[in-house]
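What follows is a set of notes on a single structure, which appears directly below.
Not measured: the values here are computed from a predicted model.
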Amino acid sequence: MEACQTSTSSLPLLEPPQTTGKSHRKLALVPLIFIIFFNVSGGPYGEEPSVGAAGPLCAILGFLIFPFIWSIPEALVTAELTTVFPGDGGFVIWADQAFGPFWGSLLGTWKYLTGVMNLASYPVLWIDYLKLVLPVLSSGVPHYAAIFVSTLVLSFLNYTGLAIVGYTAVVLGIISLSPFIVLTLVAIPKIDPSRWISLGQKGVPKNWTLFFNTLFWNLNFWDGASTVAGEVEEPQKTYPKALLFAGLLSCLSYLVPLMAATGALPLEREDWTDGFFADIAEMVAGKWLKIWVEIGACLSVIGLYEAQLTSSAYQLLGMADIGFVPVCFGVRSRWFHTPWVGISLSTIVALAVSYMNFAEIITSVNFLYSLGMLLEFASFLWLRKRLARVKRPFRVPMELPGVTMMCLIPSGFLIYVMTLATKTVYLVSSVLTLLGIVWYFFIKFCKSRQWLQFNEIGFGYTLEFED
């Protein structure tokens, strides 16, 4: 076996950042599982529109089949590339190594904007649940004030440390999923399997746009936790395990409650909208379970917010470490070792777009995410070809033709999702992409004039080659 150290323009040696203050704890397997779980899922909250859009059979088949054509390929790509390049920055590193700094920067822009726009949706969703109990939060100044305060409070939790965020995610995951375990057990005696094969009510047209957007939004972001690879204990071993267990947990958390609910109750498609699981819980077991589901929904939103903020903040940290943004973007807290500048900036951007309604946010997120994933799949395939002999701690068990086919299927779906976008989404995405291109050349100009301080050492790895 031989080792090769490439030049500083490509893969210079990666050194951990020098810090002062307390040493930080590395993220262990179980917290990482739940951070990935909340990056992707957070539980069955939000899957209800799939039934309203296309009926029980299509919804069940969607959450059964879609993980194989979308989630598993994305998770496998993430597992392989994270173990080859185990540093903060994740997908930015992959695109840079495949196609150069321009594409690395553009992918970073797409993914970061996707992350913070998604981040903005969670306080909005949180308040949508709270206003059921506190109607005063439904509109006006109280509504926006509640979003503002809840965003700041949730961001402060992220500031206190990645280990705290990880174990908080474990607790939130267990509590938010527990009412659905009870719901399933209570519903079992009432299940009529014939209801599972229903294609929907006659005369009610299917909404395929809503159906596919719901599936897509509920089963993506598997690569989100790749941006904290440098904070994980033995990432080459930990990431593949974490992705596997998080995948199983996510799929079960969608399928089991969905089958229990659709099997136990007669279909009324117009009722299957966001938040309907709380009403199902009341119909199946009583008011007490409805309240439990609503509490679980609020806690799930907290977990979703923390996981997404972690991904976005550590992406900026990783981009600062490799010289894509000024070093100030990667400044860590002295006591908690968290990227407080990245957390603060992500919070500010999220607040700036939180005025948009939930549907607008999700549609824009899906489009930008699709652009990023197409580039990410291309980076994976090119690195497979370019670095074919590099030793991979985890390797997708297929050769280049096989992984090409594996990536082509979800890529086709990505293109289909993009065709469903509205003219407004096309316009917004074009403007944001243009801003990302301008940002790259602005940063390049700042480097040439030495106006700002950048990490010139970059990142790197001693790549081991197979015999």
SB check Arg392 Glu80 (cutoff 4.0 Å)
yes

Keeping the roles fixed (side chain from Ser253, backbone from Ser250), state whether a donor-acceptor pair exists under 3.5 Å.
yes

Trace of the side-chain contact (heavy atoms from CB on, under 4.5 Å) decision for Leu29 with Ile33
CA-CA 6 Å; Leu29 174 61; Ile33 290 171; 4.0 Å; yes

Heavy-atom side-chain contact between Phe85 and Leu383 under 4.5 Å
yes

Hey, is the main chain of Ile343 close enough, under 3.5 Å, to the side chain of Ser346 for a donor-acceptor pair?
no

Of all the heavy-atom pairs spanning Ser300 and Phe38, show the shortest one and how long it is.
O-CE2, 3.6 Å

Looking only at heavy atoms, the pair that brings Gly104 and Ala95 closest together is CA-CB, 3.8 Å

Looking at Ser105, Pro101, Pro326, which hits side-chain contact (heavy atoms from CB on, under 4.5 Å) with Ile443?
Pro326

Please check: side-chain N/O of Asn158 versus main-chain N/O of Glu306, any donor-acceptor pairing under 3.5 Å?
yes

Heavy-atom side-chain proximity of Met406 to Phe380 below 4.5 angstrom
yes

Is a side-chain N or O of Thr82 found less than 3.5 angstrom from the main chain of Ala79, in a donor-acceptor match?
no

Just checking Phe442: does its CZ atom have more than 12 heavy atoms from other residues, nucleotides or ligands closer to it than 6.0 angstrom?
no

In this structure, are over 12 heavy atoms from other groups packed under 6.0 Å from Tyr426 atom OH?
yes

Show your reasoning for whether side-chain contact (heavy atoms from CB on, under 4.5 Å) applies to Thr168 and Leu157.
CA-CA 9 Å; Thr168 299; Leu157 174 60; 4.1 Å; yes

Stepwise side-chain contact (heavy atoms from CB on, under 4.5 Å) check, Phe91 with Leu375
CA-CA 10 Å; Phe91 35 75; Leu375 180 53; over 6 Å; no

Nearest 0.5 angstrom please: Ile174 CD1 to Leu177 CG, how far?
9.0 Å

Any side-chain heavy atom of Leu345 within less than 4.5 Å of one from Tyr112?
yes

Which atom pairs, donor and acceptor, lie under 3.5 Å between side-chain atoms of residues 61-71 and protein residues at least two apart or in another chain?
from: Trp70; atom 1: NE1; to: Glu74; atom 2: OE1; distance (Å): 3.4
from: Trp70; atom 1: NE1; to: Leu219; atom 2: O; distance (Å): 3.2
from: Ser71; atom 1: OG; to: Leu219; atom 2: O; distance (Å): 3.2
from: Ser71; atom 1: OG; to: Trp222; atom 2: NE1; distance (Å): 3.3

With side chains defined as the heavy atoms from C-beta onward, is the minimum distance between Cys407 and Leu381 less than 4.5 Å?
yes

Distance alone, cut at 3.5 Å: any donor-acceptor contact between the side chains of Tyr314 and Thr338?
no

Salt bridge present between Lys111 and Glu376 (N-O < 4.0 angstrom):
yes

Using a strict 4.0 Å threshold on nitrogen-to-oxygen distance, state whether Glu231 and Arg332 make a salt bridge.
yes

Over 12 foreign heavy atoms within 6.0 Å of CZ, Phe245:
no

Can you establish whether the number of heavy atoms outside Met398 located under 6.0 Å from its atom CE is more than 12?
yes

Say you draw a straight line from CG of Asp88 to CG of Leu316; how long is it, rounded to the nearest 0.5 Å?
11.5 Å

Do the side chain of Asn213 and the main chain of Thr209 share a donor and acceptor less than 3.5 angstrom apart?
yes

Side chains of Thr83 and Pro240: does their closest heavy-atom pair fall under 4.5 Å?
yes

What are the two closest heavy atoms between Leu107 and Gly372, and how far apart are they?
CD1-O, 3.3 Å

Please evaluate residues Tyr45 and Phe277 with respect to the criterion ring-ring contact (aromatic ring centres under 6.0 Å, His included), reporting the C-alpha separation (whole Å), side-chain torsions for both, the decisive distance (0.1 Å), and the verdict.
CA-CA 7 Å; Tyr45 310 97; Phe277 264 122; 7.7 Å; no

Can you list the steps and then say if Ile302 with Leu154 is a side-chain contact (heavy atoms from CB on, under 4.5 Å)?
CA-CA 7 Å; Ile302 295 175; Leu154 293 175; 3.8 Å; yes

Does the Tyr159 side chain pair with the main chain of Ser333, one donor and one acceptor, at a distance under 3.5 Å?
no

For Tyr416, which of Phe212, Trp208, Phe211 qualifies under ring pair (Phe, Tyr, Trp, His ring centres under 6.0 Å)?
Phe212

Distance from Phe216 atom CZ to Phe367 atom CZ, nearest 0.5 Å?
11.0 Å

Closest non-hydrogen atom pair, Val228 against Thr310:
CG1-CG2, 3.7 Å

Counting N and O atoms only, with roles assigned by atom type, does the side chain of Lys26 sit under 3.5 Å from a partner on the main chain of Gly230, one being a donor and the other an acceptor?
yes

Reported CZ-to-CG distance for the pair Phe324 and Asn455, which is rounded to 0.5 angstrom:
11.5 Å

Quick test of your reading of the model: are Glu399 and Arg384 salt-bridged, counting only N-O distances below 4.0 Å?
no

Tyr254 side chain to Asn218 side chain, donor-acceptor N/O pair below 3.5 angstrom:
yes

If you round to the nearest 0.5 Å, how far is CD1 of Ile415 from CG of Leu371?
10.5 Å

To the nearest 0.5 Å, what is the distance between OH on Tyr167 and CG on Leu162?
10.5 Å

Nearest heavy-atom neighbours spanning Leu317 and Pro339:
CB-CB, 4.1 Å

Are any side-chain N or O atoms of Ser311 and backbone N or O atoms of Gln308, one a donor and one an acceptor, separated by less than 3.5 Å?
no

Check whether any side-chain N or O of Trp110 sits under 3.5 Å from a backbone N or O of Leu368 as a donor-acceptor pair, and report yes or no.
no

Given 3.5 Å as the limit, does a donor-acceptor pair link the side chain of Lys447 with the main chain of Leu452, or not?
no

For a 4.5 angstrom cut-off between non-hydrogen side-chain atoms, does Leu351 reach Ile348?
no

Return yes when atom CD of Gln453 has more than 12 non-hydrogen atoms of other residues, nucleotides or ligands closer than 6.0 Å, and no otherwise.
no

Answer whether the closest heavy-atom distance between the side chains of Leu309 and Ser155 falls below 4.5 Å.
yes

Between Val77 and Asp223, is there a side-chain heavy-atom distance shorter than 4.5 Å?
no

Nearest atoms (heavy-atom pairs only) where Ser176 meets Gly296
CB-O, 3.4 Å

How about Phe221 and Tyr369: are their ring centroids closer than 6.0 Å?
yes

